[in-house]
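Please read the structure below before turning to the comments.
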Amino acid sequence: MLITQKLPLRYLYNMIRVDVIRVLLFSLTFNFFKFFFNDYLPSMPAQLPTILGTAISLVLAFNLNQSYDRWWEARRVWGAITNDSRTLITELKNFIRPDKLGTTEIKELLRKIAYRQIGWCYALGESLRGQDSRASILKYLVPAEAGFVLPQRNKNYAIMDLHLQDLKKLYEQEALNAFQQIKISDTITRLIDSMGMAERINTTVFPVTYRLLVHFFIYLFLIILSLGLVETLGPLEIPILILISSTFFLLEKTATYLQDPFVDRPTDTPVTSIARNIEINLKQLLEETDVPEPFAPKSFYLM
Amino acid sequence: MLITQKLPLRYLYNMIRVDVIRVLLFSLTFNFFKFFFNDYLPSMPAQLPTILGTAISLVLAFNLNQSYDRWWEARRVWGAITNDSRTLITELKNFIRPDKLGTTEIKELLRKIAYRQIGWCYALGESLRGQDSRASILKYLVPAEAGFVLPQRNKNYAIMDLHLQDLKKLYEQEALNAFQQIKISDTITRLIDSMGMAERINTTVFPVTYRLLVHFFIYLFLIILSLGLVETLGPLEIPILILISSTFFLLEKTATYLQDPFVDRPTDTPVTSIARNIEINLKQLLEETDVPEPFAPKSFYLM
Amino acid sequence: MLITQKLPLRYLYNMIRVDVIRVLLFSLTFNFFKFFFNDYLPSMPAQLPTILGTAISLVLAFNLNQSYDRWWEARRVWGAITNDSRTLITELKNFIRPDKLGTTEIKELLRKIAYRQIGWCYALGESLRGQDSRASILKYLVPAEAGFVLPQRNKNYAIMDLHLQDLKKLYEQEALNAFQQIKISDTITRLIDSMGMAERINTTVFPVTYRLLVHFFIYLFLIILSLGLVETLGPLEIPILILISSTFFLLEKTATYLQDPFVDRPTDTPVTSIARNIEINLKQLLEETDVPEPFAPKSFYLM
Amino acid sequence: MLITQKLPLRYLYNMIRVDVIRVLLFSLTFNFFKFFFNDYLPSMPAQLPTILGTAISLVLAFNLNQSYDRWWEARRVWGAITNDSRTLITELKNFIRPDKLGTTEIKELLRKIAYRQIGWCYALGESLRGQDSRASILKYLVPAEAGFVLPQRNKNYAIMDLHLQDLKKLYEQEALNAFQQIKISDTITRLIDSMGMAERINTTVFPVTYRLLVHFFIYLFLIILSLGLVETLGPLEIPILILISSTFFLLEKTATYLQDPFVDRPTDTPVTSIARNIEINLKQLLEETDVPEPFAPKSFYLM
Amino acid sequence: MLITQKLPLRYLYNMIRVDVIRVLLFSLTFNFFKFFFNDYLPSMPAQLPTILGTAISLVLAFNLNQSYDRWWEARRVWGAITNDSRTLITELKNFIRPDKLGTTEIKELLRKIAYRQIGWCYALGESLRGQDSRASILKYLVPAEAGFVLPQRNKNYAIMDLHLQDLKKLYEQEALNAFQQIKISDTITRLIDSMGMAERINTTVFPVTYRLLVHFFIYLFLIILSLGLVETLGPLEIPILILISSTFFLLEKTATYLQDPFVDRPTDTPVTSIARNIEINLKQLLEETDVPEPFAPKSFYLM
C-alpha cells in the first residue's frame, strides 16, 4: 500500500517509461513527416479524437472502478481476517471451562492456538504473494504440527484443520459445551472462507481481452490525437502529447495494479503489516511479553 | 478463463471477423460512391458521429460493467463452492465421535462423502456447460448411489440429498449431536444455494433487446462515422474505420462473453480446474495417496 | 423473459410505434417549413444537440443500470425461492424421525407439504402478476387448507402459516427436535422474506419524475437535433432521425420493462417456468410418478 | 411515493419555479444587452458550454445514482420491517406451547403483542417524519405499557424492550424453549436494526458541499450556455434555455427528494401505507374482525 | 458532518484557496503574454480542452462515487455500532435470570456493562480520530478495569474482552443459559467486527496515485483550457476560469474529504454525537437519572 503523498516521481516515471517513450517516438515521426512531407500527412478531422477520447475515458473510468472494487474487496477480506483472528482467541479465552483443564494447561493451549493463528496469517500472506511460507510456519507452530503442515500443498488449509482438531479435543474433554464448539467452529469457517476469497482474487485473472483493449485503445486515441494536433500545434504538440499520454497511462497502470493486490508490489494489500498487527493484538490479549512493534513502512509504501 | 497476456491474435480476430468484414464492405462502398458519384453522397455534419459515439460508448461501458458483475458473481459462486466443500469435509472429520463408529468405518464414510462431494463439483460444472456428467458421477460415487442419482433430472440436487441422508444416519447413530447435525446441514444448504445461483446465472438470458440494441447501435454509429470521414479522409478512412470498429466490436464481444460464464468457451469460469483443486484439497486432508496434479491450462486458457 | 436472439421485429416495432410516429411527424413538419419558409426556421448551433445528446445518453445509461439492478434483484429473489423450496423439503425428509410417525404417515405428510409448497410458488407468481391464484391453491392444497387460505387477503402468507403449523405439530410429536424445528423455521422465514422482497419490487413504483424526465428529455433532444440536421441534411434527415430515435426509445423501453418484472409481459421474470422447475425437483425427490415436463417457451419468450 | 404516470404539471412546476424564474431573468438580461449593447457582450466559444454540459451531466447522473441507492435502501429497510413483523407474529403463534398457558391467555397475549407491533410500525413512521407518534402509541398499546413508553426519548426502542420483556416471561413460564426464545429474539434484533438503519438514513445529511456544488454548477453551465446561444439564436434562446434548464433542475430536484425519504413529502417512502398493510396482515392472521382497508392514495401519491 | 445548507462561504474558500490562487497566477501570465507577445502563445485547438474536460469529469465523477461509498460505509459501520450497543444491553437485561443473582446485583452489573459500552463508543471514536481516549475510559469504566485497559495498545479490543469475561461469569453462575451466552457473544463479535471495519477504513489510504492523478489532471485541463480561452475571451477568461476551476477543485476536495471520515474535520462521521445518542438510549433504558442532552452542533457541523 502506497502510504505517502510524497510519492517519488521516479516511481511514477518507471510505471510508464516504456509507453511514454513509444509515444515520443511516434509523435517525433509525425512532426518529422509534417516538416518534410506535409502533403502526405492525412488531415485528421477534429471530431475523431474527440469521439475516441470520450470512448477511452469511459472505458478507462469503468476499468478503474472495477479494479478499485477488486482492491477494496481484497482489503475487506484481510479486515475480516483481522476481526476473526481476534474473535477466535477472545472466544476461546472466555469459553473454556477452567475446572476441566488446569489453568496452566489452558494458558499453554491458548498460547499454542494463538501462535498458530499468527503463523497462519503470515503464511497466508506469503503464499498469496508466491513467497515461501515455510519459515513462518516453523517459527509459529510447534515442531510436530509444522511436520504435519509442511508436506501439504495447501498449507493454510491444513493449519485450519489443526484448529478444528484442538476444538474437537476441547469438546471431548468437556471444556467447551456443544454450542461453544459450534460457535468457535463458525469463526474458523469464516477464516477458511476469507482464505478462499483471497485465493479467488489472486487466481482469477482480470478479463484479458478487456485489459488488452484498454491498452490498445489508448494508443489508437493518442496516434489519432497526435495526427490531429501536429498540424495546428507543430512541435509544441510533442510536450502536450507526452503530458496527456502520461496521465492516461498512469490511470491505466493504477487500474492494473489495483487488480492484483497480492503480487509483491508496493501497491499490494499490506498483508505483512496486517499480520503483524494481529500478532500484537493477540499477544497483548494473552499478556505475552515479547510483543513486537508495528511493521514500519519502507520509504513510501507498506507491505 | 483466459490466462495469458500473449493472447493469440487469431483468437481476437475470430471473435469479430464477420463484423469487421461487414464494416469493410460498407466503407468500401462509401468510398466507391464518393469517387464516382460524389454529389449523391450526403454530407454528414460533424456533430452527429460525436453524439452517437458518446451514446454508444456510454451504453457499451455500462453493458461491460453489468457483464463484468455477472462474471464476477459466477466466480464468487464457485469460490463459495470451494470454501463450503472444504468446510463440509473438515467439519465431518472433526465432529464425528470416534467412540460410536469404528475408526475404519469413519474413515470409509469420510472417504465416501468426500469423493461424492468431488464428483458433485465435476458434475455440476459439466451440467452447467450442457455436457454429459454421467462419467463423473460413475467415477466418484459408489455404484448403488450412482444408480439412485443417474435417472434423476436434477442429478446434482440428488447428490446433495445423499449427503443429508448420511447426515441423518450419523445423527441417529449418535455420532453427531443435534447441533453438529444442524451446522453441517447448514453447510450443505449453502452448497444447494450455490448450485441454485450458478443455475440462475446460466438460465437467465441477459436482456435480449439490450444486447441487440448495443450491436445495432455500434453499426449505426460506424455507418454515420464512415459517411462523415469519407469526405475529409478519402481512402485512408478505411483502415481507420477498421481499427475503430475492431475496438468497439471487441469490447462488445468481451461483454457478451462475460455474460455467459458456463458455455464451454475459453472465457468460461474455469469450473473443471476449480473442481480439480477441490479434489486435491480434500484428498490431501484425508491423506489419500492418489492426489492428482492441478489442471494444466490449454495453450492460452484454463477450463 | 425473452429467450431468443431472433426476436420478431414486429415486437420491437410495437414497443416504440407511437413515439416513432411522433418523431416522423415533427421531422416532416420541420422539412416542410424548411422547404417553404426557410428563413423562419431557427439555425440551431451545433453544440446544443451535442450537449443534450451527452446528457440524455448519461441519464439513459444510468436509468438502464438501475432498471437492470431491479430486474436482477427480482431474478435473485426467485432464485432464492427455488433454493429454499428445495432446502425445505430436503430438510424435512432428512430430519423427521421415522420411529415417532409411521413411514406412510411421514410420506403422506411430506407429500402434503411439498404440494403445498409447489402451490405457493405458482400462487405467488400469479398474485404478483395480478392474476387469480385460486385455481393453483385449489389444485395443490388439500380442501380443508384451501378453505382456510382462500378467504384471506394475503393468501401466500397464510400458506406459510400452514407450514409452520405442521412444523409445530411435528415438534410436539417429537418427530423433530428443538434445533431441527428452528432450522426449518429459518428456511420458512427466508421464504417469507423472499415473498416480501418480490412484493416490494412489485409495489414500489420507479421514481415517477425520473421516468417522465427521461422520456421528455429524449424528445427535447430529438427536436433540437432535428432542427440542427434539417439545414445540412435536408430530407435525408428524416430516416437518420428515425433510426437514431428508434435506438433511444428502444433503450428507454428496455429500461422501463426491466423496472417492472412482474406485470405479465414477455420481459417478465419467468415465474411460471421457475415454479414448474420447483415442481419437477420436489416431485422427483419424493419419487412421485406424475412429474411434468419443463414449461415450454411461447415463440420468443418464457413466462 | 408518487404513484401515477399522470403527475399534475403544477407539482413539477412548483418543484422548480424559483430556479426557472431566475433563469428567465438572466436570459432576458442577456438578450436585452445583446440588443442594445451587442459589442459589450463577450462572445462565448462553443467548446465551453459543451465541456460544462458534459461535466454537469456526469455529476448530476452520479448524484441521481447515489440518491436512488439511498431511496432504495430506505424502501428495503421498510420491506425488512414488513417481513420481520410478519415473522415475529407467525413465530410466536406457532412456537408457544398450548399446555403451559391457557388458550385464551395465549390468544390475548398474541393479540397484545401484535397490536404493539402494529403501533410500533405507525409510530416509527411518524417519528421518522418528525410527527407526533403519541396517538398511535396510545391507540395500539395497553395503557400501562403506553405509560412506560411515552416519557422515553426513543419511544420505538422502548416498545421493542416491551417485546423482549414478554419473551422473557414466556421463557420463564416454559411456554417457549431456550432455542425458540433465541430465534424470536433474533427477529426482534433485526427489527431494532431496521429501526437504526431508518434513523441513520434520516439523520445523515447528504454531503452538503456536493449538493451545493451540483446546484451552483447547473447555474454556471446555464449562464455560459445562455451567453453562447444568445448570439446565434437571439430571443429564441429564451424558451430553449427554459426547457433545458427545467430538465436539469427537475433532475436535480428528483435527486434531492430521493435523498431524504422520510420528510413528509409526496416522494416519501410510503411508511403509513406499509404500516397499514402490516396491520391488515397481522390482524387477518389472528383472525381479528376489524381488519381495515389498505391505505388509499391521495390524488397522485401514497404516504 | 456538515449539517446546514447555509455553509459559510469562508469554509468553502479555505478548502480551495491555494489551488485557486495558482490558477489565477497562470491565467494572469497567459493574459500578460497574450497582450505583449501574442505571436509566441500557441493557438490551442478547440477539441483539446473538450477531450480533457470529458476525461477529467469522468475520472472525477467516479472518484466522487468511490469516496461517497467509503463515507457511507463508515456511516453504516457506526449505525451498526448503535444497533448492536442497544441490542447488547436489551439482551442482557431480558436474558439474565433474576433468581440466580440478586436484583440489585443484576442492576449494578447491567449498569457497569452499559457504562463500559458507552465508554467504548466514545473511546473508539477518539482513537479513530487519533485523539487521546484515556479520559473517556477513566470516566466510564470502574477503576480496576480502567487499570487493565489503559496499558494495552488496542484499548478498544481490551474493553470488548472485559464484556466477554462478564459474560463468562454470568454463564458460570447459571444466570444465562448456553444459548443466551452464544447469542450475546454474537452481538459482541459484531461489535468487534464493526471496530475492525472502522479501523480498516481509517488505515487504508485511498490509492495514492489515483488521488494525485486527479489533482494533476485538473491542472492540465485548466492550463489547456486557459490557453484555449485567452485568445477568444481575453481578460474575461480570468473570472470564467476562476469559477470553473473553483467548481472542479471543490468537487475534488469534497471527494478527498469523504475518503477519510475519521480525521477530526468538520466533514467527519459524527462519532461523538453518535456515542452521545447511544449514551442517552442506554441510560434511559436502565432508567438512569443523569441522561445528558444530545450533542449540539458547532456552528455549521456536528462532530
Side-chain angles (χ1 to χ4, degrees), chain B residues 42-48 50-52 54-59 61-63 65-66 69-70 151-154 157-158 160-161 163-165 167-168 171-172 178-179 181-182 185-186 188-189 192-197 199-201 203-205 207-213 216-217 220 223-224, chain C residues 1-5 7 12 15 46-47 49-50 53-54 56-58 60-62 64-65 68 71 75-76 78-80 82-83 86-87 90-91 93-95 97 177-180 182-183 187 225 228-229 232-234 236 240 243-244 247-248 250-251 253-254 257-258 267 280-281 284-285 291:
Chain B
S43 145
M44 200 53 62
Q47 88 245 42
L48 207 51
T50 309
I51 293 171
L52 292 184
T54 304
I56 184 59
S57 300
L58 263 165
V59 173
F62 269 97
N63 195 357
N65 193 41
Q66 286 145 356
D69 283 353
R70 208 168 142 130
Q152 302 245 0
R153 205 170 292 165
N154 195 332
Y157 179 39
M160 286 293 120
D161 192 52
H163 277 350
L164 281 164
Q165 287 175 22
L167 198 59
K168 189 186 194 181
Y171 173 58
E172 283 168 3
F179 317 107
Q181 185 197 19
I182 296 299
S185 117
D186 269 342
I188 295 170
T189 302
I192 294 180
D193 284 0
S194 293
M195 179 180 83
M197 285 177 203
E199 287 170 2
R200 161 169 60 77
I201 294 173
T203 59
T204 309
V205 184
V208 177
T209 51
Y210 192 4
R211 206 189 264 205
L212 283 175
L213 278 167
F216 171 75
F217 211 162
L220 184 62
I223 288 169
I224 282 173
Chain C
M1 185 177 64
L2 303 177
I3 52 162
T4 164
Q5 306 280 355
L7 208 63
L12 292 176
M15 278 167 82
Q47 87 245 44
T50 309
T54 304
I56 184 59
S57 300
L58 262 165
L60 195 53
F62 269 98
L64 205 44
N65 193 42
Y68 179 87
W71 171 80
R75 187 60 188 81
R76 269 210 319 271
W78 274 86
T82 304
N83 293 346
R86 300 200 281 214
T87 299
T90 324
E91 282 177 348
K93 188 181 156 207
N94 291 302
F95 282 171
R97 287 181 62 175
N177 69 28
F179 317 106
Q180 291 168 334
I182 297 299
K183 175 91 174 76
T187 306
L225 182 66
L229 293 180
T232 40
L233 285 177
L236 184 72
I240 289 183
L243 281 174
I244 294 178
T247 318
F248 276 92
L250 278 171
L251 282 172
K253 285 286 172 210
T254 298
Y257 283 14
L258 290 174
T267 48
I280 295 170
N281 277 200
Q284 283 221 328
L285 191 78
V291 181

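So that the names make sense, note that chain A is the first sequence line, chain B the second, and so on, each numbered from 1. What you see is a predicted model; the values in this text were computed from it and never measured.
For B/Leu164, the side-chain contact (heavy atoms from CB on, under 4.5 Å) criterion is met by B/Leu167, B/Ser185, B/Ile188, C/Thr90, C/Asn94, not counting sequence neighbours. Remark: C/Tyr257 pairs with no residue by the ring-ring contact (aromatic ring centres under 6.0 Å, His included) rule, at least two apart or across chains.
The contact between C/Thr50 and chain B is made by backbone and side chain atoms together, counting heavy-atom distances below 4.5 Å. C/Arg97 does not touch chain B: none of its heavy atoms, backbone or side chain, sits under 4.5 Å away. In this structure, chain C has heavy atoms under 4.5 Å from both the backbone and the side chain of B/Thr203. The parts of C/Phe179 that come within reach of chain B are both its backbone and its side chain, each placing non-hydrogen atoms under 4.5 angstrom from that chain. If you measure heavy-atom distances from B/Asp186 to chain C, the contacts under 4.5 Å come from both the backbone and the side chain. With a 4.5 angstrom heavy-atom cutoff, C/Ile56 does not touch chain B via any of its atoms. For C/Ile244, the parts sitting under 4.5 Å from any heavy atom of chain B are the backbone and the side chain alike. When heavy atoms are compared at a cutoff of 4.5 Å, B/Ala158 does not approach chain C at all. Neither the backbone nor the side chain of C/Trp78 comes within contact range of chain B; no heavy atoms are under 4.5 Å apart. Contact of C/Lys253 with chain B is not made at all, since no heavy-atom distance falls under 4.5 Å.
The heavy-atom pair separating B/Ile51 from C/Gly53 by the smallest distance is CG2-CA, 4.1 Å. Residues B/Leu48 and C/Ile240 approach most closely at CD2-CG2, 3.8 Å, considering heavy atoms. Across every non-hydrogen atom of B/Tyr157 and C/Arg86, the tightest pair is OH-O, 3.0 Å. The two atoms that bring C/Leu2 and B/Thr209 nearest to each other are CD1-CG2, 3.8 Å, heavy atoms only. When every heavy atom of C/Leu285 is checked against every heavy atom of B/Gln152, the shortest pair comes out as N-OE1, 4.4 Å. In terms of heavy atoms, C/Thr232 sits closest to B/Pro45 at OG1-CG, 3.7 Å.
The closest side-chain donor-acceptor pair between C/Asn177 and B/Tyr171 falls under 3.5 angstrom. Side-chain contact, B/Thr189 with C/Thr87: no donor N or O sits under 3.5 Å from an acceptor N or O. Side-chain contact annotation: C/Gln47 with B/Gln47, donor-acceptor N/O pair under 3.5 Å absent.
Chain C forms more heavy-atom pairs under 4.5 Å with one residue of B/Asn63, B/Asp161, B/Leu58 than with any other, namely B/Asp161. Counting heavy-atom pairs under 4.5 Å between each of B/Asn65, B/Val59, B/Leu220 and chain C puts B/Leu220 at the top. The most heavy-atom pairs under 4.5 Å with chain C, out of B/Pro151, B/Ala55, B/Pro207, come from B/Pro207. Ranked by non-hydrogen atom pairs under 4.5 Å with chain C, the options B/Thr54, B/Ile201, B/Thr204, B/Ile192 are led by B/Thr204. Contacts with chain C were tallied for B/Ala61, B/Gly196, B/Ser57; B/Gly196 has the most, counting heavy-atom pairs under 4.5 Å. The residue among C/Leu12, C/Thr82, C/Leu64, C/Leu258 with the most heavy atom pairs within less than 4.5 Å of chain B is C/Leu64.
Distance CD/B/Gln66 to CH2/C/Trp71: 9.5 Å, rounded to 0.5 Å. We find the CD1-CD1 distance between B/Ile182 and C/Ile182 to be 9.5 Å, quoted to the nearest 0.5 Å.
Residues C/Gln284 and B/Asn154 fail the side-chain proximity criterion, which asks for heavy atoms closer than 4.5 Å. Side-chain contact check for B/Gln165 versus C/Lys93: some heavy-atom pair is nearer than 4.5 Å. Taking the side chain as every heavy atom from C-beta outward, B/Leu213 and C/Phe248 never approach each other to under 4.5 Å.
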query = Stepwise, does the side-chain contact (heavy atoms from CB on, under 4.5 Å) test hold for B/Tyr210 with C/Leu250?
reply = CA-CA 8 Å; B/Tyr210 192 4; C/Leu250 278 171; over 6 Å; no
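Proximity of the aromatic rings of B/Phe62 and C/Phe62 is defined here by a centroid distance below 6.0 angstrom, and this criterion is met.
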